[in-house]
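Here's the structure, in structure tokens; my notes come after.
Proteins get letters first, then strands, A, B, ... in listed order; numbering begins at 1 in each.
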There are 2 protein chains.
Amino acid sequence: MKDINTETKILEAARTVFISKGMDGARMQEIADEAGINKALLHYYYRSKDQLFRAVFQSVFAGFFQAIKGELDKETPIEQKAETIVMQYTNMLDANPFVPQFLINEINRNPQTLRDVMDSQQFNPSVFLEIFGNNNKSGIDPRQFIVSIIGMMVFPYAARNLVQLIYFNDNIEAYTQFLQERKEFLKQTILKMIQ
Amino acid sequence: MKDINTETKILEAARTVFISKGMDGARMQEIADEAGINKALLHYYYRSKDQLFRAVFQSVFAGFFQAIKGELDKETPIEQKAETIVMQYTNMLDANPFVPQFLINEINRNPQTLRDVMDSQQFNPSVFLEIFGNNNKSGIDPRQFIVSIIGMMVFPYAARNLVQLIYFNDNIEAYTQFLQERKEFLKQTILKMIQ
DNA sequence: GTCTATATGGCGATAGAC
DNA sequence: GTCTATCGCCATATAGAC
């Protein structure tokens, strides 16, 4: 965070604060502090809080789908894909536990943002349907399947504080172990689902 | 919303606005408008925005767990319980689609709030572990199981705008049907999981 | 209890020196 | 490009009439 240029430094600081607090909860002053610069500089590089937010959202959204796309378009048996999708997605969640929650919140706050980003990035969602759409002997609806998998993976991160308190008496180590064991649990569950 | 007393009217309006916008995004003016009264009255009944929010959070949290507890403590076979839990939870979600998202967000924003509410309500979370903890021949970890079920149920509501746009081209009717079909899908999935 | 009017503080944004 | 100082608005909260 020292010898990179100011614009990048601002974007990274804004990413941290916006993901943690959301658009409404974030303060330009806090972003400036996080970047180690003055508040006025934020407006020099990004004219308004809204434009800064859009830059962050765009970057987070792109990185998110990049991370979960990964190697999934390769021709591998479905058992292998269950392994791959769980590992890639959970690795991403371990590194960015609040990203899905951030995306969901901000899309609900302003659904138009997502459409703008998808248009400007020419993002094609059909990729995710084809992952399990082919090579699927069970007759299972791929959309029901994918929504289930993502829900199972995201929830223990999004609702971490809730689940950790209710089921683990706020024991952080126990919850970390729970998340670790969950990887194997999810692989098994996915295999059971497509049987 | 006419012949009920003002305090209740305020609480219901606050509930609507807070669930939709969150603590940071909500405005006292909007709550007053929703309740059809003046802004100053909010402070007359609840001294501050923070206290009004706490009253709403407490009420929403209590109602949420009341709704999903329901009949689950009865002695019924596990197949019956799969049916019951899916129907009760999805009915609650259809009526209150943004409640889980609201609870998760506000607990993340201020984890202490949850502890305060649980203490004051003497809420006992072990009920939810025993639901599938007994009568469980598969050796499955009940916590992994419950977290999975709730994740699968909540996600398509919390991330509705995202999923609806990506997978259904923003077709509301198609998404409603998806949610309808999902009830049967989830029952089947739960049964597969405990096999 | 309910209202209008106003105080108080905080935040996004800008002006202007260097 | 980067800073200090400040403007102007908006949101919470209060004062005080009725």
Any salt bridge linking [X] with [Y]? Criterion: basic side-chain nitrogen under 4.0 Å from a carboxylate oxygen.
X: Glu184(A); Y: Lys187(A); result: yes
X: Asp33(B); Y: Arg27(B); result: no
X: Asp50(B); Y: Arg54(B); result: yes

### Query
In residues 16-25 of chain B, which ones come under 4.0 Å of DNA chain D, going by heavy atoms?
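Listed by number, there are none.
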### Query
What class does the angle between the rings of Phe102(B) and Phe57(B) fall in, given that below 30° is parallel, 30 to 60° is tilted and above 60° is perpendicular?
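Tilted.
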### Message
On the nucleotide dA13(C), are OP1 or OP2 found under 4.0 Å from the side-chain N or O atoms that Tyr44(A) carries?
### Response
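Checking Tyr44(A) against dA13(C): no side-chain N or O falls below 4.0 Å of OP1 or OP2.
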### Query
Hey, is the side chain of Thr6(A) poking within less than 4.0 Å of OP1 or OP2 on dT2(D), counting only N and O atoms?
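So the side-chain polar atoms of Thr6(A) do come within 4.0 Å of the phosphate oxygens OP1 or OP2 of dT2(D), strictly under.
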### Task
For Arg182(B) and Ser148(A), test the side chains for any donor-to-acceptor distance below 3.5 angstrom and give the result as yes or no.
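Side chains of Arg182(B) and Ser148(A): pair found under 3.5 Å.
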### Task
Could you verify whether a donor N or O on one side chain and an acceptor N or O on the other, from Asn96(A) and Tyr157(A), lie under 3.5 Å apart?
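No - no donor-acceptor pair under 3.5 Å links their side chains.
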### Message
I need the CG-C1' distance between Asn5(B) and dT2(C), as an integer number of Å.
### Response
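For the pair Asn5(B) CG and dT2(C) C1', the rounded distance is 14 Å.
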### Value in whole Å for how far the C1' atom of dG12(C) lies from CD of Glu30(A)
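So the two atoms are 15 Å apart, to the nearest Å.
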## Note on the structure
Its contact letters, B for base, S for sugar-phosphate only and - for none at protein heavy atoms under 4.0 Å, make nucleotides 3-18 of chain D read BB------SBBB----
### Query
Centroid-to-centroid, Phe178(A) to Tyr175(A), below 6.0 Å?
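Under 6.0 Å, so yes.
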### Task
Have a look at Tyr46(A) and say if it touches a base, only the backbone sugar-phosphate, or nothing, with a 4.0 Å heavy-atom cut-off.
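No contact.
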### Task
Measure from NZ or CZ of Arg109(A) to the centre of the six-membered ring of Phe53(A), then state whether that distance is under 6.0 Å and the direction lies within 45° of the axis.
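The answer is yes; both the distance and angle limits are met.
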